[in-house]
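Index from 1, following the sequence.
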Amino acid sequence: MLRRLIFSSFFISIIYFLLYYFVPALKNAVYSGGFWAVLHALMGIILIIGVFGIILFTLHYLFSDPNKN
């Protein structure tokens, strides 16, 4: 359940930043401040944590001992 929530929020943040890149009205809303600026910061934090988590999980997969219990 928690894994599904984390992955879905990561993909929602990716979709948000794609929309932010291609939709000028969303950029203007973020520049105006308020709710959209806070949402933008929150989505950025989620995106950074998600990328960092993917890197950590990949390194763990590559360098962990599969026979260790």
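In terms of hydrophobic clustering, with Ile, Leu, Val, Met, Phe, Trp and Tyr side chains grouped at heavy-atom distances under 4.5 Å, Ile6 and Leu56 are assigned to different clusters. Cluster membership for Val23 and Ile14, using ILVMFWY side-chain heavy atoms within less than 4.5 angstrom, is shared. Hydrophobic clustering, with ILVMFWY side chains joined whenever heavy atoms are under 4.5 angstrom apart, groups Leu47 together with Ile15. Residues Ile49 and Tyr20 fall into different hydrophobic clusters, defined by Ile, Leu, Val, Met, Phe, Trp and Tyr side chains chained together at heavy-atom separations under 4.5 Å. If you chain together hydrophobic residues whose side chains sit under 4.5 Å apart, Val51 and Ile54 fall into the same group.
Residues passing the side-chain hydrogen bond (donor to acceptor under 3.5 Å, both in side chains) test with Tyr16 are His40, sequence neighbours excluded.
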Please list, one pair per line, the donor and acceptor atoms closer than 3.5 Å that link side chains of residues 27-36 to other protein atoms, with sequence neighbours excluded.
from: Asn28; atom 1: ND2; to: Pro24; atom 2: O; distance (Å): 3.4
from: Ser32; atom 1: OG; to: Ala29; atom 2: O; distance (Å): 2.7

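Taken to the nearest 0.5 Å, the CG atom of Leu26 stands 9.5 Å off from the CZ atom of Phe17. Between the CG atom in Leu19 and the CD1 atom in Ile12 there is a gap of 11.5 Å [rounded to 0.5 Å]. Of the inter-residue distances, the one linking Ile45 atom CD1 with Ser13 atom OG reads 11.0 Å to the nearest 0.5 angstrom. Considering CZ of Phe10 and CD1 of Ile48, their distance stands at 11.0 Å, rounded to 0.5 Å. Rounding to the nearest 0.5 Å places CZ of Phe57 at 10.5 Å from CZ of Phe52.
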